[in-house]
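I have placed the structure first, in the form of structure tokens, so that the comments after it can refer back to it.
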Amino acid sequence: IKAEGMLTGAADLRAYLTGFESSFGFVYTDAQESVFFTDPRYAEGAKEALKHEFIGVMIAKNEDTVLDYIKSKKVKKLAVPLERLTQPEYEKLRRKFKLTDSTSAFTAAMSVKDEEELEKISQACEIAERAYGMLLGELKEGMTENETAGYLEYLMRKCGARDRSFETIVAFGKNSSVPHHASDETKLKSGMPVLIDFGCKVGGYCSDMTRTLWFGGKPDEEFADVYACVQKAHELAKEQIRAGMKGKEADAIARGYLQSKELDKFFTHSL
């Protein structure tokens, strides 16, 4: 990517560059400096968080303030993550600068995690698992899906999570056949399968896990058989996945086993 400067406005990419989360802001970088522009709501927090970093903090009333600053530096060619811009944003920028795409630079940098990033992912996984374990002891007949989802999110925060990774999915009974069911007021009863899809964030890095259980009494034979097959497919994938393997090759490990049990047609998600 050849450009005289780079401007980043997408919230997750800003957080990646600065380590600071905010609902408004831009990061500008050129050969001389890196500047995080934000509004007065975040000024104190940003200056404190970045005081020992290479990036400076400036207050900007709006996007025009940022663009005027960049123009004052005589920048003509500006790198921006094109796929993250709305059409109006793109049109506004291209009236002022010649644009080039910075997306590939982010993809290359973000695809390889350093030790600090790996530790945050591990922490997010550990917190989610701990909260799930706590939830199991609290499940009771009469709880709704929505109530259970909210309580699990509370437990993840109680255990140290910054936020949920995505909207928590809790599905009781027949709803558990829908992978992305929207949790509602369905109540938990004994003899129900339960599906919970959840995760949390630590320092902007996510965990994501799905757990299925049987609530109350002994699982029926069909549930137990299918559960065992899914668990076996999971274990085979875990054992056989290797560095350098393509995603479809990894998927085929689990899908092939489920096919041998005539269950692959129900495997509607990717691995």
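If you read the sequence from its start, that first residue is 1, and numbering goes on from there.
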* Partner of F172 by side chain to side chain contact (heavy atoms under 4.5 Å, CB included), out of I196, T144, D184, T148 -> T148
Below 4.0 angstrom, N of the basic side chain to O of the carboxylate: do [X] and [Y] qualify?
X    : Y    : result
E153 : R164 : yes
R94  : E91  : yes
E185 : K187 : no
E116 : K120 : yes
D30  : K73  : yes

* Check: K76 and K98 side chains under 4.5 Å, non-hydrogen atoms -> no
Would you check if the side chain of [X] reaches a backbone N or O of [Y] as a donor-acceptor pair within less than 3.5 Å?
X    : Y    : answer
D101 : L82  : yes
S207 : A124 : yes
K71  : K96  : yes
E48  : G45  : no
T38  : F24  : yes
E141 : S190 : yes

* D64: partners by side chain to side chain donor-acceptor pair (under 3.5 Å), with sequence neighbours left out -> K92
* Structure fact -> Sequence neighbours excluded, the answer for side chain to side chain donor-acceptor pair (under 3.5 Å) partners of S183 is none
For residues [X] and [Y], report the shortest heavy-atom separation together with the two atoms involved.
X    : Y    : result
K140 : L188 : O-CD2, 3.6 Å
C159 : R130 : O-NH1, 3.4 Å
I127 : A161 : CD1-N, 3.9 Å
P193 : F223 : CB-CE1, 3.7 Å

Under 3.5 Å donor-acceptor pairs involving side-chain atoms of residues 225-247, not counting sequence neighbours:
residue : atom : partner : partner atom : Å
R242    : NH1  : E239    : O            : 2.6
R242    : NH2  : E239    : O            : 3.2

Rounded distance [0.5 Å steps], [atom1] in [X] versus [atom2] in [Y]:
X    : Y    : atom1 : atom2 : value
L118 : Y205 : CG    : OH    : 9.5 Å
M110 : L17  : CE    : CG    : 8.5 Å
S177 : L195 : OG    : CG    : 9.5 Å
E83  : T103 : CD    : OG1   : 4.0 Å

Going by atom type alone, with no hydrogens or angles, which donor-acceptor pairs under 3.5 Å involve a side-chain atom of residues 262-271 and a protein atom two or more places apart or on another chain?
none

* Decide whether D68 and T65 meet the rule of one side-chain donor and one side-chain acceptor closer than 3.5 Å. => no
Which pairs would a plain distance check flag for residues 210-217, meaning a side-chain donor or acceptor within less than 3.5 Å of a matching protein atom at least two apart in sequence or in another chain?
residue : atom : partner : partner atom : Å
T210    : OG1  : D197    : OD1          : 3.3
W214    : NE1  : G216    : O            : 3.0

* Asked: What ring pair (Phe, Tyr, Trp, His ring centres under 6.0 Å) pairs are there with at least one residue in residues 30-50, not counting sequence neighbours?
  -> F20-F36, F37-Y69
